[in-house]
Amino acid sequence: MSVTVHRVVVRGQFADLTADQRAALLAEADEHSFHKVAYTEWGTFIYEPNLVAFNFRYEVRTDDEDDPAPDPIDVGTAKAVASLEEWGLGYKHLRATTTDMSQVWSG
């Protein structure tokens, strides 16, 4: 069994935020700043106070015994969409990138 660690970044833009949503996001902006970047299984939600763009940072692990192995970009994007929809936040222009950390670590 071989596990591969992927760092996935899902980027997007806020869409159609209500005044209440904007106020709530601004009230928590310090907790979601770029100074708090971390890649976690549950994701780190990051945005700037201008409330234009956001990103999620995920650590996605895949196992070579999975058949088929899930695509880390699909996993990260699905998690981001689920969180945004759970919070009732509108979004647009989602895109994701991934880095296979085993390639980084091996030089």
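Bear in mind that the values here come from a model prediction, so they are computed numbers and not experimental data. Basis for what follows: all heavy atoms, side chains included, without hydrogens, waters or symmetry-related copies.
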Identify the heavy atoms of [X] and [Y] that sit nearest to each other, and give their distance.
X     : Y     : answer
Val8  : Tyr39 : O-CE2, 4.0 Å
Thr77 : Ala96 : OG1-CB, 3.6 Å
Glu41 : Lys79 : O-NZ, 2.8 Å
Ala53 : Tyr47 : O-CB, 3.6 Å
Val5  : Glu59 : CG1-CG, 3.6 Å
Arg57 : Ala38 : CB-O, 3.3 Å

Between CG on residue Leu25 and CD on residue Glu31, distance to nearest 0.5 Å =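 Leu25 atom CG to Glu31 atom CD measures 13.0 Å (nearest 0.5 Å).
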Got a second to check how far Asn55's CG is from Leu94's CG, nearest 0.5 Å?
->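 Between atom CG of Asn55 and atom CG of Leu94 there are 11.0 Å.
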Do the non-hydrogen side-chain atoms of Asp100 and Thr4 ever get within less than 4.5 Å of each other?
->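 Heavy-atom side-chain distance check passes, below 4.5 Å.
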Indicate if [X] and [Y] have the same hydrophobic cluster label, given that clusters are the connected sets of ILVMFWY residues with side-chain heavy-atom separations under 4.5 angstrom.
X      : Y     : value
Leu89  : Val10 : yes
Ile46  : Val60 : no
Met101 : Phe56 : no
Leu84  : Ile73 : no

Check whether more than 12 heavy atoms from other residues, nucleotides or ligands sit under 6.0 Å from atom CG of Asn50, and answer yes or no.
->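 It does: Asn50 CG has more than 12 such atoms within range.
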Can you tell which of Thr98, Thr99, Val75 makes a side-chain contact (heavy atoms from CB on, under 4.5 Å) with His6?
->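 So, applying the side-chain contact (heavy atoms from CB on, under 4.5 Å) to His6 and each of Thr98, Thr99, Val75, only Thr98 qualifies.
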So, the side chain of Gln21 versus the backbone of Gly88: is there a donor-acceptor pair under 3.5 Å, distance only?
->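 The answer is yes, because a donor-acceptor pair under 3.5 Å joins these two groups.
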Identified ring pair (Phe, Tyr, Trp, His ring centres under 6.0 Å) counterpart of Trp87 within the set Phe54, Phe14, Phe45 =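 It is Phe45; the other options fail the test.
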For Glu85, enumerate each residue passing the side chain to side chain donor-acceptor pair (under 3.5 Å) test, keeping only those at least two apart in sequence or located in another chain.
->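 Here the qualifying residues are Tyr91.
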